[in-house]
Q: 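Below is one structure. I have some questions about it.
Note on naming: letters A, B, ... go to the chains in the order of the sequence lines (proteins, then strands), and numbering restarts at 1 for each one.
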Number of protein chains: 2
Amino acid sequence: MVTRAEAVTRRLREAILAGGYEPGARLSEVALAEGMAVSRTPVRAALSVLFAEGLLDYEPNCGYVVRRISRDDAAHIYTVRATLEGLAARLAAEIGLGDVERTGFEAILGEMEQLVSGDTWEADQRQRWGELNIAFHGAICAATRNDYLAASIQRTRTLPVLTERGLRTFFAEQAVVWWDRAAYRRSQDDHLDIGEAILARQGARAEAVMREHIERAGRLIHRKLAIRSEALLALP
Amino acid sequence: MVTRAEAVTRRLREAILAGGYEPGARLSEVALAEGMAVSRTPVRAALSVLFAEGLLDYEPNCGYVVRRISRDDAAHIYTVRATLEGLAARLAAEIGLGDVERTGFEAILGEMEQLVSGDTWEADQRQRWGELNIAFHGAICAATRNDYLAASIQRTRTLPVLTERGLRTFFAEQAVVWWDRAAYRRSQDDHLDIGEAILARQGARAEAVMREHIERAGRLIHRKLAIRSEALLALP
DNA sequence: CATTTGCAGGTTGTGTACAAAATGAGCATG
DNA sequence: CATGCTCATTTTGTACACAACCTGCAAATG
């Protein structure tokens with residue numbers, strides 16, 4: 001059975017990552033408790049967990065607020081993520097994929113290629129592409145057989161960033177509304193190179209391409225955030 | 001003011017990392033509460049935080065136990081740590097040290113060299129060397145100006161491993177009782193190379209040496225754990 | 001004899017009352 | 001007008017009572 005604390009944790013985490021709360025928003029225990037029809041106890045437990053995960057800031061006797069991540073923080077996180085995903089790609093190449101893994105891996109890449117080179121590019125296709133992108137990176141993580149590495153990468157992908165809409169988490173496919181179609185094409189080319197390198201057991205090449213692949217996404221978001229910051233400064 | 005929950009968290013964390021509780025030990029809420037003369041509430045908060053940090057395992061309605069990390073887990077963690085510390089060394093070299101940083105850095109290296117090439121090698125000298133080792137790696141982290149990276153590295157160093165004595169955390173200097181003096185000398189040679197590379201702004205060299213430096217420590221611990229496992233199996 | 005079912009004991013999960021601390025409004029004072 | 005103080009309000013921190021749940025054992029049942 002799931003405890004209420006767990007249920008509240010999951011609901012809150014998803015709400016935050018989906019952008020239901022603005023970064024900087026105060027999370028009042030009583031308000032959340034009433035909203036979810038539980039007492040403050042499970043809410044407190046959930047908040048402490050999300051704080052430990054890095055989604056919230058906390059000040060004793062002052063409460064929890066949704067963490068606001070600065071442009072520099074985002075750049076720092078992307079630096080780490082690029083390195084870790086590069087490591088994962090290299091390990092996957094060095095260890096090699098089993099037959100089942102290989103089949104699934106090629107299926108993911110094939111469907112992505114089909115999507116991105118299709119005639120239309122509607123919202124549901126972009127979303128499907130995002131799912132496949134997650135699956136692609138997840139497959140590489142899984143192939144390393146290193147749970148700690150997979151968890152570390154996962155952490156870098158689930159931190160909310162200052163946003164009004166669209167750019168909810170660092171995981172690039174959540175931010176796709178920012179991208180033009182050429183960026184998808186470029187991203188897909190990277191994926192093809194990475195997949196090829198891994199299947200050919202070329203560890204160094206897989207690592208280098210993956211690293212650059214992530215760092216490019218980081219630069220893109222860094223630039224987008226700059227534009228947003230200027231826009232905010234230009235207000236009243 | 002610090003809340004009781006924070007105080008309990010700190011005390012518990014230190015106790016676990018110092019080896020006060022065997023991996024696998026159950027942490028009863030009431031027992032801890034009585035032992036620290038607080039109610040169960042702050043104890044529960046502390047346990048949930050330590051669980052999120054990865055120091056504890058948790059099963060609903062069943063309680064918390066000190067996490068037991070397998071040999072493979074240890075190897076996985078060291079792989080990630082070697083990569084991250086390598087990244088830190090490279091960034092430190094690329095960014096460069098300020099005058100104050102550089103002075104402190106050289107002081108640390110100098111004292112370590114003096115210690116390890118001295119005539120005696122007693123317990124307090126080994127401990128001092130351990131402190132300086134922490135300071136050395138910490139200085140490199142700080143020089144990157146990347147808090148997320150520093151936190152990620154810190155996490156890899158604070159996970160307890162199966163042990164009876166000596167080998168409490170993965171941070172090698174906690175495990176020094178396992179090493180002979182030659183290992184310290186070798187470690188110090190690495191430090192000197194890394195320091196030289198960073199000061200000379202040789203990023204790739206700093207990264208490579210640091211990576212190997214950490215991976216060697218990982219292999220050492222992996223081997224030690226193997227010996228311990230055999231010893232355990234050999235018991236009645 | 002094996003299986004199950006019920007009970008007792010202990011542990012964790014939740015609700016709630018109260019204490020302690022921070023916040024903010026209003027007012028006095030320089 | 002700015003500053004600092006007091007006090008009410010709000011929010012969080014803690015304690016504790018009770019409910020829900022797991023565990024082990026023993027007795028009943030087939």
Q: Do the non-hydrogen side-chain atoms of A/Gln125 and A/Arg128 ever get within less than 4.5 Å of each other?
A: no

Q: Considering only D/dG13, C/dT23, C/dG13, which nucleotide approaches the side chain of A/Tyr58 most closely?
A: D/dG13

Q: Give a yes or no on whether a salt bridge exists between A/Glu6 and A/Arg10, defined as a side-chain N under 4.0 angstrom from a carboxylate O.
A: no

Q: What residue among A/His213, A/Arg211, A/Arg90, A/His137 forms side chain to side chain donor-acceptor pair (under 3.5 Å) with A/Glu85?
A: A/His137

Q: Taking only residues two or more places apart in sequence, or in another chain, which ones meet A/Arg145 in a salt bridge (Lys or Arg N to Asp or Glu O under 4.0 Å)?
A: A/Glu101

Q: Does B/Arg11 have more than 12 heavy atoms from other residues, nucleotides or ligands lying within 6.0 Å of its CZ?
A: no

Q: How would nucleotides 5-10 of chain C be written as a contact map, 5' to 3', with B for base contact, S for sugar-phosphate-only contact and - for no contact, using protein heavy atoms under 4.0 Å?
A: ------

Q: Whole-Å distance between D/dA19 P and A/Arg4 CZ?
A: 13 Å

Q: For B/Arg26 and B/Cys62, indicate whether the former's side chain and the latter's backbone hold a donor-acceptor pair under 3.5 Å.
A: yes

Q: With sequence neighbours left out, what residues match B/Phe136 under ring pair (Phe, Tyr, Trp, His ring centres under 6.0 Å)?
A: B/Phe105, B/His191

Q: At a heavy-atom distance below 4.0 Å, what parts of residues 24-40 of chain A sit against DNA chain D?
A: A/Arg26, A/Leu27, A/Ser28, A/Glu29, A/Arg40

Q: Determine whether more than 12 heavy atoms belonging to other residues, nucleotides or ligands lie under 6.0 Å from atom CG of A/Asp124.
A: yes

Q: Nearest whole Å is fine: how far is D/dT12 P from A/Asn61 CG?
A: 10 Å

Q: In chain order, what residues pass the side chain to side chain contact (heavy atoms under 4.5 Å, CB included) check against A/Ser152, with sequence neighbours excluded?
A: A/Leu84, A/Tyr148, A/Arg155, B/Val80

Q: So that I can tick it off, tell me whether A/Arg81 and A/Glu215 are bridged by a salt bridge, with the cut-off set at under 4.0 angstrom between side-chain N and carboxylate O.
A: no

Q: Does anything in residues 41-51 of chain A come within less than 4.0 Å of DNA chain C? Heavy atoms only, and list the residues if so.
A: A/Thr41, A/Pro42

